[in-house]
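Notes for the one structure printed next.
Labels below follow one simple rule: chain letters A, B, ... track the order of the sequence lines, proteins then strands, and each chain is numbered from 1. Just the heavy atoms: all of them, side chains too, but no hydrogens, waters or symmetry mates, feed the values below. Predicted model only: the values in this text are computed from it and were never measured.
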Amino acid sequence: MMEAESRSFADAEINRCLTPEEKIQFLRQMFRIRRFEQTSLKAYNAGKMGGFLHLYTGQESVAVATISLLGENDHVITAYRDHGHALVCGMEMGECMAEFFGKATGSSKGKGGSMHLFAPDKRYWGGHGIVAGQTPLGLGIAYALKYKGIRGCCLCYLGDGAVNQGVFHESLNLASLMSLPVIYIIENNGYSMGTSLARSSAFKQMLAQRAEGYNIPWDHANGENIYEMRVKTQAAIERAHEESRPTVLEIATYRYYGHSVADANARKYRTPEEIEHYKTYHDPLRLWQKRLVDEGILTEEQADAIDHEARAEAEVASRFADESPFPTEADIFTDVYSEVDQPVGDGPHGTYFFN
Amino acid sequence: MMEAESRSFADAEINRCLTPEEKIQFLRQMFRIRRFEQTSLKAYNAGKMGGFLHLYTGQESVAVATISLLGENDHVITAYRDHGHALVCGMEMGECMAEFFGKATGSSKGKGGSMHLFAPDKRYWGGHGIVAGQTPLGLGIAYALKYKGIRGCCLCYLGDGAVNQGVFHESLNLASLMSLPVIYIIENNGYSMGTSLARSSAFKQMLAQRAEGYNIPWDHANGENIYEMRVKTQAAIERAHEESRPTVLEIATYRYYGHSVADANARKYRTPEEIEHYKTYHDPLRLWQKRLVDEGILTEEQADAIDHEARAEAEVASRFADESPFPTEADIFTDVYSEVDQPVGDGPHGTYFFN
Amino acid sequence: MPLITYRKALNDALAEELLRDENVVLLGEEVAEYNGAYKVTEGLWARFGSKRVVDTPISEAGFVGMAVGASMLGIRPVVELMFWSFSYVTFDQIINNAGCVRYMSGGQIACPIVIRGPANGGTNVGATHSHTPENFLANTPGLKVVCPATAYDAKGLMKAAIRDNDPVMFMENTLLYGEQWEVPEEEYLIPIGVADVKREGTDISLIAHGRAVLTCLKAAEILQAQHGISAEVVDLRSIRPLDEETLLASVRKTHRAVLVEENKPFCGVDAQIASLIQEKAFDELDAPIQRISALDAPAIYSPPLEKLQLPTPDRVVQKALSIC
Amino acid sequence: MPLITYRKALNDALAEELLRDENVVLLGEEVAEYNGAYKVTEGLWARFGSKRVVDTPISEAGFVGMAVGASMLGIRPVVELMFWSFSYVTFDQIINNAGCVRYMSGGQIACPIVIRGPANGGTNVGATHSHTPENFLANTPGLKVVCPATAYDAKGLMKAAIRDNDPVMFMENTLLYGEQWEVPEEEYLIPIGVADVKREGTDISLIAHGRAVLTCLKAAEILQAQHGISAEVVDLRSIRPLDEETLLASVRKTHRAVLVEENKPFCGVDAQIASLIQEKAFDELDAPIQRISALDAPAIYSPPLEKLQLPTPDRVVQKALSIC
Ligand SMILES: Cc1ncc(C[n+]2csc(CCOP(=O)(O)OP(=O)(O)O)c2C)c(N)n1
Ligand SMILES: Cc1ncc(C[n+]2csc(CCOP(=O)(O)OP(=O)(O)O)c2C)c(N)n1
Ligand SMILES: [Mg+2]
Ligand SMILES: [Mg+2]
């Protein structure tokens, strides 16, 4: 990127109005995601949890920058690589870690697991395991906002592999046709599991361009650059708020770990050099920290302190999760039907479960 | 369309090489489709068949022009509005009409109905009732050709409403990524059931442009103009044969009847004037007939004779269908499993049917 | 009580609920300006306007998912599938998103959606358009499934479904849309999970859902008139939740059961009912439970053959006689 | 005989068939360069190259449909679904295109496709990733469904499936991939539609498919050792076609049956088996047929709870004791 262009993002109104504390908060959020995930990885390796664990490490800046712009009527939904979005939306490390551990104190009472973090009270709608399955849900959130006459929008995240699910295209057509305030953010980390972008997707310049066929504005941003992402996301949010129109925004980013912690091939489909190169030259955390130091609003020592706090918070979360109880066998049958959990009138009628 | 442009299509090599008899054959095919359908409509109204009957009347030129270019390794697949493609591919009126009547002599032995005409021996693969469900099948036919090293292609037809099914987009990505010789022909007749194009699809210039997002060449043609369709289809076929690359070709056309014969609203969502206007000024049959007369290769009398033959052929087909027997109750259970119909070795083993 | 069609009963239910709750919205292909492919939504667009009655493109996965998403925020979408057969292009959205979101969020999210449309064979539209997935959907904990057999039930159950806080799969039948039944003018609801004894009898229980209930009623007439057999007809109405008590009570009284459905037999709804009865009323059974389902092949197109493929009163009578 | 894993048995079957018939092609997400998400296709891309072992994008409806289309022209695709749970995004292609094309074309078109992948819970991947749709698929006339429980069966059935001219839905289990069994070195095939008595017994029949067979074998040991009960274990192996004779013969011998499956109970495979047995061996039954299925809720994530959700040897023993 050109030096000048980069400067102009920093100088944009939406970034100029940031207070030093807000900028430091971005760093803090990135540290919190990273340390939370490191702690969870340790716990995974210690057998404290099962199944999948899709680390967001390397992509933290995307959730931090894009969600930083949301107001009280703006919503978020994402896929299974959801830890970053969950924390930035305001979920506590403890409830998330307890969910990973399958504990009753988890955000979904241990029923969802790491792919399914939800906090509707924070306008965070998950955490979805089926690739692109969340894309029409995000549309539906935007639909509900418009239906209710609320000036808001929904940020709906998906991966570079997810763009090849048909339901995403159906969603794009519906979004444009019905003029819904949904913003699809493609977090293009270059790979869907072990498949590189070039091997999974046909496109001209970039994936987001597919939006053009639906008459939807699209743009792209560099995921290392918080200022740039904020500028481009803000444009999309304004389009959503002012015109109730959708946007597709593609953000170039990178994940350091394998697809999930269980990805045995993590170091096979990408060269170690490629990964090291990213960590060394493109780490969003490191870059933002350096920028804040350069801007003179943070010292290295202060940054370290923030890092320490994040580590400590993650440790506490891990202990909380560890010490929490598992659900009981009876809990298997709650949260299936609202009518069973919260009977209305003289209900429920009939048999609901068939063992 | 500009006079000059229109002339240039007529002058294109692919059209200049047409013999008068070939040109007359196009007219004959259009008459055959139209008279076949009129006869089937009469039979439908007389209660000779059930379910749906999706008339192709008004669109005949599209099947005739595009299929006219196919060689012995080129294949065809379409949706439920399949009578035209079936006849042009060489199916007999009798087997088709008998299929409509649900007779044992029908092309599918009365098991498929009008939406499901098949003639694999003529490289015609149906006839598919689920909107856009045929689009990955067409891709698969192209895949098989490439796999076997055969220089051929597959024309896969779909409607303007069908472009909004996700599986079509998945197919486009696969077609481009795997470089498959499939040609998607969007027969844009302006309506999907009662919904106009503008109410079903968001797009910039036209539907075919969605191909761009997958780096697939696309084009459009006027469905009234056989010469133009042949030129543009030929380009796509060459691309498929020479480069094994897909194309999306959108063809503007119009259907005179309702969505199906059972469409009670056929005259509600379109004004009678709109329909009359098409019939009067844009009827492909009439236009082609006039052109042949203008070109001096056909007289009105000869055209009438062709029409008469077509009517007579349809009548014979109708009588054949009428006089044919229905399948028997036992026939319900054949053609479900090949292993039951044509046991291999000491099979079949176990129970296949559970009544 | 006025006689109204099954179609009109549904239409009235939708209109009443649209009027009652501004969060109710109808969505689907051709439901608005076209008045519905089968006219179930006739007049509603004209009456309630484009905000409340919404046409969609042919994108079932997209608009069902959209409706699920909207329901999470408190909208109460009633989504028409032109045919339930088309549910297979949106199966993931139904099972994973509508069916699992409450569970996976630990009860934080409700999904008060109704998905409705016809699910039946018998109209010569061929194999791809004649699916009856009530068994698939009822297999799925988190979903409710109802299959009304009469106009009365259709109206009361539709109103209950729209007010229900769980996702309800509502299965209608094109062959019933034009049939008439008595339906009261005053408002009523029918709770989901309550079966209905449509005819009392003492000798044998005919247990059915959807249109097969009417087939059983006809068979019961024949059994009475020609064979002096008193058949009880139990209409499940709701597949999940299931009113086990009512159907078991019937079997305990008659000691014989024939289960009738238009579903395909293998793992059809009646496989479950048979399994249940033999387990819970084993000692009450004087004969094996018999089943009649659609003949076990894809739906044939040929009109006269297709009639044979679905259960007929005659087949029910024969089966009943075989165990009486 | 060498001991090999279930995974290796599948891998060998695929390799042998790739070698035997050049029309066999493997397709799916990560099956080639990545060697398969669960390593079932390990080494095959390196050995057979990019024409025969093909990576696809995450477009299940697209590539399953593509494979169905290719099969119509005589290609024999073996398509991996990374999880059978993802079949719900391609359900229409499976049921309507693979399942109905032969019928709707009046037998003119064959669809010799195999769709394979794991279909099981028990690995803490949550509700959306733990579906077991063998009952849905076996409900569909036109489709075949097999669920091998051992490496031996997996290999023989996979080879038969690939040579089969009908669409075969092949359901594996991630919990079994690493388990070992004896598998002969010489070539063999196991015909689809033949059940296997995995353990002979005289007092009670335990009937199961897939991993539940192993649960039954453990339960049978306990029943023998601790209760002196001789349990026969019948492995269905193939759900459709179904070897009724073998399972009925077992019940006629033991007069008692417990059906065990990891499917959800409502309209699960065992609903059909129970329905069948009570109909065809009514007088042979000394007690109601009992069923054990997955506990009837979406698959819970919590690892210790999920273990309880699937059938355990202990639950099988308790159920058996309740009717012995
Ligand atoms: C429909 C479906 N198919 C396949 C999978 C398995 N799967 C989970 S994530 C994934 C890769 C997705 O890649 P991408 O969209 O780029 O997101 P990223 O993991 O890079 O964040 C795959 C194949 C799934 N969960 N759902
Ligand atoms: C998945 C699916 N949804 C809905 C339908 C019902 N349906 C059949 S044809 C049709 C309209 C299709 O319009 P278009 O693609 O423009 O083709 P045309 O009928 O104009 O030839 C609809 C909604 C269906 N068959 N399949
Ligand atoms: Mg990615
Ligand atoms: Mg159209």
Side-chain angles (χ1 to χ4, degrees), chain A residues 75 77 99 106-113 115-116 118-121 125-130 133-145 147-148 154 166-167 169-174 177-178 180 333-339 341-342 344-354, chain C residues 23 25 27 51 54 56-75 77 89-90 92-93 96-97 100-112 141-144 163-166 189 191-195 238 240-246 272 275-276:
Chain A
H75 297 247
I77 188 166
E99 187 59 32
S107 44
S108 295
K109 307 179 189 166
K111 296 181 177 181
M115 300 196 286
H116 303 113
F118 292 90
D121 58 320
W125 299 94
H128 294 271
I130 299 295
Q134 77 280 13
T135 57
L137 298 183
L139 189 69
I141 292 166
Y143 183 90
L145 292 171
Y147 189 91
K148 293 180 172 183
C154 181
V167 72
H169 293 274
E170 298 189 7
S171 299
L172 289 180
N173 184 52
L174 284 159
L177 198 68
M178 296 188 165
L180 298 179
F333 294 102
T334 59
D335 302 317
V336 184
Y337 291 100
S338 0
E339 189 154 344
D341 301 333
Q342 294 136 15
V344 200
D346 61 344
H349 299 273
T351 303
Y352 276 78
F353 303 108
F354 293 86
Chain C
N23 282 323
V25 55
L27 289 152
K51 181 180 175 190
V54 184
T56 62
I58 313 170
S59 308
E60 286 84 358
F63 67 75
V64 167
M66 181 178 85
V68 171
S71 81
M72 303 188 316
L73 264 77
I75 306 297
V89 298
T90 180
D92 175 63
Q93 292 298 323
N96 282 321
N97 285 349
C100 297
V101 73
R102 180 176 170 77
Y103 199 70
M104 295 194 309
S105 68
Q108 293 182 81
I109 298 178
C111 176
L143 301 179
K144 294 181 175 177
R163 299 185 194 188
D164 202 289
N165 289 322
D166 293 309
L189 278 84
I192 293 173
V194 180
S238 150
R240 185 171 187 148
L242 179 74
D243 185 350
E244 284 186 24
E245 272 171 47
T246 299
Q272 180 65 25
S275 157
L276 259 172

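Distance CD1/C/I75 to CG/A/L145: 9.0 Å, rounded to 0.5 Å. How far CE of C/M104 is from CG of C/N97: 7.0 Å, rounded to the nearest 0.5 Å. Separation of atoms CZ (C/R240) and OG1 (A/T351) is listed at 10.0 Å; rounding is to 0.5 Å.
No other option in C/P191, C/P112, C/G62 has as many heavy-atom pairs under 4.5 Å with chain A as C/G62. Contact count versus chain A (heavy atoms, under 4.5 Å) is highest, among C/G193, C/G74, C/P77, C/S71, for C/G193. Per-residue heavy-atom pair counts under 4.5 Å with chain A were compared for C/N96, C/I109, C/D243, and the maximum is reached by C/I109. Options C/C111, C/P141, C/A195, C/S275 differ in how many heavy-atom pairs under 4.5 Å they form with chain A, and the most are formed by C/P141. Heavy-atom pairs under 4.5 Å with chain A were tallied for C/P57, C/S105, C/G107; the largest tally goes to C/S105. Contact count versus chain A (heavy atoms, under 4.5 Å) is highest, among C/K51, C/E245, C/E60, for C/K51.
For a residue to count as touching a neighbouring chain, one of its non-hydrogen atoms must lie under 4.5 Å from one of that chain's; by this rule A/L172 does not touch chain C. With a threshold of 4.5 angstrom between heavy atoms, C/Q272 approaches chain A through side-chain atoms but not through N, CA, C or O. Residue C/L27 touches chain A through its side chain alone, counting heavy-atom pairs closer than 4.5 Å. The part of A/M178 that comes within reach of chain C is its side chain, from C-beta onward, which places non-hydrogen atoms under 4.5 angstrom from that chain. Proximity to chain A is limited to the side chain of C/D164, based on heavy atoms less than 4.5 angstrom apart. Using a 4.5 Å cut-off between heavy atoms, C/D92 touches chain A through its side chain atoms alone. Both the backbone and the side chain of A/I141 come within less than 4.5 Å of a heavy atom of chain C. In this structure, chain A has heavy atoms under 4.5 Å from both the backbone and the side chain of C/N165. Using a 4.5 Å cut-off between heavy atoms, A/Y143 touches chain C through its side chain atoms alone. Heavy-atom distances place the side chain of C/V54, and not its backbone, under 4.5 Å from chain A. Proximity to chain C (any heavy atom under 4.5 Å) is shown, for A/D346, by neither the backbone nor the side chain. For a residue to count as touching a neighbouring chain, one of its non-hydrogen atoms must lie under 4.5 Å from one of that chain's; by this rule C/Q93 touches chain A with the side chain only. Proximity to chain C (any heavy atom under 4.5 Å) is restricted, for A/T334, to the backbone atoms N, CA, C and O.
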Begin with the C-alpha distance, continue with both residues' side-chain angles, and end with the deciding distance and a verdict on side chain to side chain contact (heavy atoms under 4.5 Å, CB included) for C/L242 and A/F354. CA-CA 9 Å; C/L242 179 74; A/F354 293 86; 3.7 Å; yes
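Side chains of C/I192 and C/P241 form a contact here, defined as non-hydrogen atoms less than 4.5 Å apart. Between C/R102 and A/S338 the shortest side-chain heavy-atom distance falls below 4.5 Å.
Applying the side chain to side chain contact (heavy atoms under 4.5 Å, CB included) rule to A/E170 yields the partners B/Q165, C/S59, C/A61; only residues at least two apart in sequence or on another chain are considered. By the salt bridge (Lys or Arg N to Asp or Glu O under 4.0 Å) test, A/D335 pairs with A/K109, A/K111, sequence neighbours left out.
Using cut-offs of 30° and 60° on the angle between ring planes, the pair A/W125 and A/H75 is parallel.
In this structure a side-chain-to-backbone donor-acceptor pair under 3.5 Å is present from A/Y337 to C/L143. Side-chain N or O atoms of A/S108 include one that pairs as donor or acceptor with a backbone N or O of A/H116 at under 3.5 Å. Proximity of a side-chain donor or acceptor of A/S107 to a complementary backbone N or O of A/F118 within less than 3.5 Å is not detected.
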